[in-house]
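Here's the structure, in structure tokens; my notes come after.
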Amino acid sequence: MQKKLLAEVEGNYVRPFCSIPKYAIVTLQIYKLDTDEILFENHCPHERLPERFAEGVEEGVRFFASENNIQGIQVELLDGGWHESDSHQRDFMLAAMSALVKVFPK
């Protein structure tokens with residue numbers, strides 16, 4: 001399988017002044033594949049981003065790809081930022097989608 005780097009992007013979902021504060025930051029590398037698959041790989045150390053948040057990133061990648069008819073990409077999670085009380089799995093889903101929209105605008 002061949003892959004070509006499309007972009008390295010950061011996405012975030014940070015809302016500090018909401019009634020329920022949100023804090024999620026991700027750095028992704030996005031590759032074009034010569035297949036129709038959507039692949040996700042977590043290369044972020046657990047100390048930087050707990051697994052439960054990485055699962056939210058993968059969910060966001062897969063949801064964004066399906067909603068926008070995107071095929072043949074590999075997304076690698078490189079880094080992340082979170083806060084003990086202000087970060088939730090869904091926030092990382094939204095952060096991932098904010099990164100992807102920079103590469104695949106609607």
Side-chain angles (χ1 to χ4, degrees):
M1 174 173 42
Q2 302 247 337
K3 66 182 187 179
K4 176 186 172 192
L5 180 64
L6 293 178
E8 183 173 313
V9 291
E10 183 177 285
N12 68 67
Y13 185 66
V14 178
R15 306 289 185 267
F17 303 112
C18 295
S19 59
I20 301 174
K22 309 288 184 187
Y23 189 88
I25 298 174
V26 297
T27 302
L28 306 176
Q29 274 190 340
I30 303 167
Y31 295 89
K32 180 67 179 154
L33 301 176
D34 60 358
T35 70
D36 290 339
E37 296 178 87
I38 304 298
L39 301 177
F40 176 81
E41 293 183 4
N42 180 5
H43 295 283
C44 185
H46 182 73
E47 308 81 54
R48 297 283 303 150
L49 193 68
E51 184 62 33
R52 69 184 185 273
F53 298 141
E55 290 170 3
V57 175
E58 181 174 7
E59 186 179 342
V61 166
R62 294 191 183 281
F63 180 80
F64 185 89
S66 70
E67 289 294 306
N68 293 283
N69 293 321
I70 297 169
Q71 298 178 354
I73 61 168
Q74 177 174 328
V75 178
E76 296 179 359
L77 173 60
L78 302 179
D79 200 10
W82 63 287
H83 186 268
E84 187 66 44
S85 62
D86 297 340
S87 295
H88 306 278
Q89 187 173 353
R90 180 170 169 76
D91 302 339
F92 284 89
M93 179 181 170
L94 296 169
M97 292 190 311
S98 79
L100 289 167
V101 79
K102 294 174 183 178
V103 179
F104 304 102
K106 294 183 178 188

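The first residue in the sequence is number 1, and the count goes up from there.
Taking 4.5 Å as the limit, some side-chain heavy atom of Arg52 sits within range of a side-chain heavy atom of Trp82. The shortest side-chain heavy-atom distance between Glu67 and Met97 does not fall under the 4.5 Å cut-off. At least one side-chain heavy atom of Val57 sits less than 4.5 Å from a side-chain heavy atom of Phe40.
To the nearest 0.5 Å, atoms CD1 (Ile25) and NE2 (His83) are separated by 11.5 Å. Taking CD from Gln74 and CD from Glu41, the interatomic distance works out to 4.5 Å, rounded to the nearest 0.5 Å. Between Asn42 atom CG and Leu49 atom CG the span is 7.0 Å, to the nearest 0.5 Å. Note: His88 NE2 to Phe53 CZ = 7.5 Å, rounded to the nearest 0.5 Å. Atoms CD and CD, from Gln71 and Glu37 in turn, are 11.0 Å apart once rounded to the nearest 0.5 Å. Once rounded to the nearest 0.5 Å, the distance linking CD1 of Ile30 with CG of Leu100 reads 4.5 Å.
For Ala7 against Val103, the heavy-atom pair with the smallest separation is CB-CG2, 3.7 Å. Nearest heavy atoms, Phe92 versus Gly81: CZ-O, 3.3 Å. Contact detail for Arg48 and Cys44: the closest heavy-atom pair is CB-SG, 3.7 Å.
Leu77 and Leu39 fall into different hydrophobic clusters, where Ile, Leu, Val, Met, Phe, Trp and Tyr side chains are chained together by heavy-atom contacts under 4.5 Å. Connection of Phe63 to Ile70 is established within a shared hydrophobic cluster, with ILVMFWY side chains joined at heavy-atom distances below 4.5 Å, either directly or through further cluster members. A continuous path of hydrophobic side-chain contacts links Met93 to Phe64 [ILVMFWY only; heavy atoms under 4.5 Å]. Taking hydrophobic clusters as Ile, Leu, Val, Met, Phe, Trp and Tyr residues chained together by side-chain heavy-atom distances below 4.5 Å, Leu5 does not share a cluster with Leu33. Clustering ILVMFWY residues whenever any of their side-chain heavy atoms sit less than 4.5 angstrom apart, transitively, puts Tyr31 in a cluster other than the one holding Val75.
The 12-atom threshold is exceeded at CD of Glu51, counting heavy atoms of other residues, nucleotides or ligands nearer than 6.0 Å.
Formation of a donor-acceptor pair under 3.5 Å by the Asp79 side chain with backbone atoms of Thr27 is not found in this model. With Ser87 contributing its side chain and Tyr23 its backbone, the two residues share a donor-acceptor pair below 3.5 Å. Checked by atom type and distance alone, the side chain of Ser98 pairs as donor or acceptor with a backbone atom of Asn12 at under 3.5 Å.
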Stepwise side-chain contact (heavy atoms from CB on, under 4.5 Å) test for His43 and Gln29: CA-CA 10 Å; His43 295 283; Gln29 274 190 340; over 6 Å; no
